[in-house]
A.B. asks: 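I am attaching a structure below and will ask some questions about it afterwards.
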Amino acid sequence: MTNQQLAHALWQVSQQSFQYGSPWTLQQFVEDLEQGSSSWLLEKNADDELIGYLQYRVLFDEAEIYNLAIATAYKGQGLGRQLMMRLDTELGAQAVAQIFLEVRESNQLARAFYQKQGFVEVSTRKNYYHHPLENGLILMKELK
């Protein structure tokens with residue numbers, strides 16, 4: 001699969017997964033893959049189709065989750081939890097101490113999911129999101 005094909009598959013899952021559509025454009029996915037800026041955990045179905053992903057970056061002993069998306073037809077099957085467990089394992093091997101992420105303040109489902117994964121709210125970014133205008137909450141999880 002080329003970077004262009006993978007970017008399109010990632011974008012399609014992202015479009016389905018987020019209430020207001022993908023937070024990234026197709027071009028942003030392409031550029032990120034070409035630059036190797038992020039690490040990706042991919043989830044595929046039995047037909048080798050992309051059905052979910054977790055995108056993150058590591059800087060020194062901290063990691064930040066940029067996107068976690070599961071295709072609509074596969075939500076509620078524990079795939080997000082599986083991706084988070086894989087991330088914890090990978091980051092633990094890299095001696096990462098903390099994971100950060102950001103979530104819409106109104107996204108109660110995601111907030112509850114992350115809380116179950118051990119994340120706590122540490123900060124608020126006022127009016128961070130647009131369409132609609134909304135605060136972003138910064139969540140953090142200690143790995144050590």
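Basis for what follows: all heavy atoms, side chains included, without hydrogens, waters or symmetry-related copies.
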A.B. asks: Please name the pair of heavy atoms, one in Ile70 and one in Lys75, separated by the smallest distance, quoted to 0.1 Å.
C.D. replies: O-CE, 3.1 Å
A.B. asks: Any idea which heavy atoms bring Val30 and Ala7 closest together, and the distance?
C.D. replies: CG2-CB, 3.5 Å
A.B. asks: Honestly curious: do Leu87 and Met140 fall in one hydrophobic cluster under the side-chain, below-4.5 Å linking rule?
C.D. replies: no
A.B. asks: Side chain of Asn45, backbone of Asp47: donor and acceptor closer than 3.5 Å?
C.D. replies: yes
A.B. asks: Evaluate the side chain to side chain contact (heavy atoms under 4.5 Å, CB included) criterion for residues Asn127 and Asn135: first the C-alpha distance (whole Å), next the side-chain angles of each, then the deciding distance (0.1 Å), finally the verdict.
C.D. replies: CA-CA 4 Å; Asn127 300 323; Asn135 294 338; 3.9 Å; yes
A.B. asks: How close do Val13 and Leu50 get, counting heavy atoms only, and between which atoms?
C.D. replies: CG2-O, 3.7 Å
A.B. asks: Between Phe18 and Val103, is there a shared hydrophobic cluster once you connect ILVMFWY residues whose side-chain heavy atoms come closer than 4.5 Å?
C.D. replies: no
A.B. asks: Does one hydrophobic cluster hold both Leu59 and Val96, with members joined at side-chain heavy-atom distances below 4.5 Å?
C.D. replies: no
A.B. asks: What orientation do Phe29 and Tyr53 show, parallel under 30°, tilted 30 to 60°, or perpendicular over 60°?
C.D. replies: perpendicular
A.B. asks: Under a 4.5 Å cut-off applied to non-hydrogen side-chain atoms, are Leu137 and Tyr128 in contact?
C.D. replies: no
A.B. asks: Does CD belonging to Gln115 count more than 12 external heavy atoms closer than 6.0 Å?
C.D. replies: no
A.B. asks: Angle class for the Trp24/Tyr66 ring planes (parallel below 30°, perpendicular above 60°, tilted otherwise)?
C.D. replies: perpendicular
A.B. asks: Got Asn67 and Leu10 here, is their nearest side-chain heavy-atom distance under 4.5 Å?
C.D. replies: no
A.B. asks: Enter the distance from Thr89:OG1 to Gln94:CD here, rounded to the nearest 0.5 Å.
C.D. replies: 11.5 Å
A.B. asks: Count the heavy atoms belonging to other residues, nucleotides or ligands that lie under 6.0 Å from CZ of Phe100, then report whether that count exceeds 12.
C.D. replies: yes
A.B. asks: Within a strict 4.5 Å, meaning less than it, do heavy atoms of the Leu68 and Met84 side chains meet?
C.D. replies: yes
A.B. asks: Got a second to check how far Leu26's CG is from Gln15's CD, nearest 0.5 Å?
C.D. replies: 9.5 Å
A.B. asks: Is it possible for you to say whether Leu143 and Phe113 belong to one hydrophobic cluster, with membership spreading through side-chain heavy-atom contacts below 4.5 Å?
C.D. replies: yes
A.B. asks: Taking the side chain as every heavy atom from C-beta outward, state whether Arg57 and Asp32 have any pair of such atoms under 4.5 Å apart.
C.D. replies: yes
A.B. asks: Would you call Glu43 and Tyr74 a side-chain contact if the rule is heavy atoms closer than 4.5 Å?
C.D. replies: no
A.B. asks: Quick one: CD1 on Ile51 to OG on Ser17, what's the gap to the nearest 0.5 Å?
C.D. replies: 11.5 Å
A.B. asks: Rounded at 0.5 Å granularity, tell me how far CD in Glu105 sits from CZ in Arg125.
C.D. replies: 14.0 Å
A.B. asks: Does the side chain of Lys116 come within less than 4.5 Å of Arg81's, by heavy atoms?
C.D. replies: no
A.B. asks: Over all heavy atoms of both residues, which pair between Asp88 and Lys141 is shortest? Give the atoms and the distance, please.
C.D. replies: OD2-NZ, 2.7 Å
A.B. asks: Out of curiosity, Lys126 NZ to Leu133 CG, how far, rounded to the nearest 0.5 Å?
C.D. replies: 10.5 Å
A.B. asks: Within the side chain of Glu134, is there an N or O that forms a donor-acceptor pair under 3.5 Å with the backbone of Tyr129?
C.D. replies: no
A.B. asks: Would a 4.5 Å heavy-atom cut-off, applied to side chains only, mark Leu54 and Arg86 as touching?
C.D. replies: no
A.B. asks: Is there a side-chain contact between Arg104 and Pro23 (heavy atoms, below 4.5 Å)?
C.D. replies: no
A.B. asks: Rounded to the nearest 0.5 Å, how far does CZ of Phe119 lie from CD of Gln98?
C.D. replies: 11.0 Å
A.B. asks: Go through the steps to decide whether Leu6 and Trp40 satisfy the test side chain to side chain contact (heavy atoms under 4.5 Å, CB included), and finish with yes or no.
C.D. replies: CA-CA 11 Å; Leu6 178 56; Trp40 299 83; over 6 Å; no
A.B. asks: Tell me which one of Gln35, Gln28, Gln27 satisfies side chain to side chain donor-acceptor pair (under 3.5 Å) with Glu31.
C.D. replies: Gln27
